[in-house]
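What follows is a single structure, written as structure tokens, with notes after it.
Each chain gets a letter, A, B and so on, in the order its sequence line appears, and its residues count up from 1. Fair warning: this is a prediction, and the values are worked out from it, not measured in the lab.
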2 protein chains.
Amino acid sequence: MARPYSYDPEVALEAAMHVFWRDGYDLASLSELQDAMGIQRGSLYKEFGSKKNLFLKAFDLYVKQFVNPGITMLTQSDSSGSERINQFFKMIPKHEMRGCLLCNSAAGAARTDSDVHQVVATQIERLRNAFEKALIKQTKDAKERRSEAERLTQLYIGKRVEIRAEA
Amino acid sequence: MARPYSYDPEVALEAAMHVFWRDGYDLASLSELQDAMGIQRGSLYKEFGSKKNLFLKAFDLYVKQFVNPGITMLTQSDSSGSERINQFFKMIPKHEMRGCLLCNSAAGAARTDSDVHQVVATQIERLRNAFEKALIKQTKDAKERRSEAERLTQLYIGKRVEIRAEA
DNA sequence: ATAATTGTTGACTGCTTGGTACATAAAACC
DNA sequence: GGTTTTATGTACCAAGCAGTCAACAATTAT
């Protein structure tokens with residue numbers, strides 16, 4: 001009963017995700033976004049509402065595609081916790097110029113906008129909890145386990161930020 | 001033989017440093033900078049040339065005021081290496097919203113501009129070398145020492161980025 | 001066919017940005 | 001006191017930004 005889409009919104013969203021990943025929220029201009037997504041500005045706003053909303057949806061997609069597998073790796077139980085943690089850190093690409101969208105956002109957009117702050121904080125907390133779970137057998141004391149999970153989370157963020165900075 | 005300054009350039013530079021520290025390079029607008037520095041735009045450009053140059057000078061000042069003391073702490077020899085490393089990490093403010101200008105820049109401006117990239121990379125390397133020196137007695141193998149210094153550097157960056165993100 | 005609905009397009013708006021130009025003010029030298 | 005020198009203040013500029021809007025196109029229903 002109306003004109004059909006000339007593009008796939010999910011494909012467009014994935015393209016937007018990669019722009020935000022590469023350039024960060026602030027430096028990702030709408031012109032760049034619409035070029036990468038292959039749509040015009042009006043369509044972009046009709047579908048996604050605002051730049052911030054587009055980012056939040058792109059961030060969700062990133063979580064599904066890249067954060068969740070890492071968390072699964074840390075929390076699955078078919079190998080020892082320390083082995084899973086090792087595996088997790090080995091998975092970090094050594095020359096990924098884009099870094100990690102979660103870490104990039106923590107260092108960037110999350111500071112300016114409280115909605116972005118919230119979703120970023122939530123994912124960092126998920127990661128911390130995943131580390132904590134992976135440590136449950138080898139570190140019996142709950143407080144110590146928590147602080148070790150915090151350290152591992154910080155180490156992960158630091159690695160990704162540094163690799164990105166030096167790339 | 002000419003009109004004297006109505007302000008102290010060093011005081012103004014320090015004010016600029018705090019703006020860059022709080023807001024980051026991109027979000028620090030010239031309007032904010034000139035307000036904080038208490039000077040007008042013409043004077044700012046006559047004295048500092050460009051926003052980037054002002055940042056580079058402010059960054060130098062930050063290194064003198066905040067990075068060098070940390071490096072001294074790590075490399076002075078009146079206590080054991082592990083004690084100095086502990087001391088270094090304990091020195092990190094637990095609720096510093098601004099984080100660390102070096103780490104913030106590594107995650108931000110350093111990616112866009114190659115001059116900024118260079119000065120940031122240099123300071124990160126200094127920090128890494130300072131950790132390495134602090135480890136010299138307890139870690140005999142040079143390769144292992146190097147990689148442990150890398151880990152400590154990444155942990156430091158991650159801590160400061162995370163503290164800033166969650167503040 | 002025609003009407004109704006909804007996606008598409010691209011020009012347009014108002015705003016902010018970093019940077020510049022120029023008239024003016026304040027000092028020192030002669 | 002006039003000249004020179006350099007800082008100050010401000011109006012201005014082009015470019016880029018996020019976001020809007022109205023004409024247009026493509027489909028379905030009647």
When hydrophobic residues are tied together by side-chain contacts of less than 4.5 Å, even through go-betweens, does Met91(B) share a cluster with Leu135(B)?
yes

Between Leu27(A) and Val120(A), is there shared hydrophobic-cluster membership here, with clusters defined by ILVMFWY side-chain heavy atoms closer than 4.5 Å?
no

What class does the angle between the rings of Tyr25(A) and Phe20(A) fall in, given that below 30° is parallel, 30 to 60° is tilted and above 60° is perpendicular?
parallel

So if I take residues 21-32 of chain A and measure heavy-atom distances to DNA chain D, which residues fall below 4.0 Å?
Ala28(A), Ser29(A), Leu30(A)

Using a cut-off of strictly less than 4.0 Å between a heavy atom of the residue and any atom of DNA chain D, enumerate the qualifying residues of residues 39-58 of chain A by number.
Arg41(A), Gly42(A), Tyr45(A), Lys51(A)

Does Arg146(A) have more than 12 heavy atoms from other residues, nucleotides or ligands lying within 6.0 Å of its CZ?
yes

In chain order, what residues pass the salt bridge (Lys or Arg N to Asp or Glu O under 4.0 Å) check against Lys52(A), with sequence neighbours excluded?
Asp113(A), Asp115(A)

The criterion is salt bridge (Lys or Arg N to Asp or Glu O under 4.0 Å); which residues satisfy it with Arg98(A), sequence neighbours excluded?
Glu96(A)

Protein-nucleotide distance (Leu33(A), atom CG; dG19(D), atom P), rounded to Å:
11 Å

Centroid separation Phe131(A) to Phe88(A) less than 6.0 Å:
yes

Does the ring center of Trp21(A) lie less than 6.0 Å from the ring center of Phe66(A)?
yes

At their closest point, which heavy atom of [X] faces which heavy atom of [Y], and how far apart are they?
X: Tyr45(B); Y: Ser50(B); value: CE2-CA, 3.8 Å
X: Asp23(A); Y: Arg111(B); value: O-NH2, 3.5 Å
X: Ala134(A); Y: Arg84(A); value: CA-NH1, 4.2 Å

Restricting to nitrogen or oxygen on both sides, can you table the protein-nucleotides 27-30 of chain D pairs closer than 3.5 Å?
from    : atom 1 : to      : atom 2 : distance (Å)
dT28(D) : O4'    : Met1(A) : N      : 2.9

Could you tell me from which nucleotide to which nucleotide of DNA chain C, 5' to 3', there is an atom under 4.0 Å from chain B heavy atoms?
dT17(C) to dA28(C)

Matching residue for Lys159(B) among Ile157(B), Leu155(B), Val161(B) - test: side chain to side chain contact (heavy atoms under 4.5 Å, CB included):
Leu155(B)

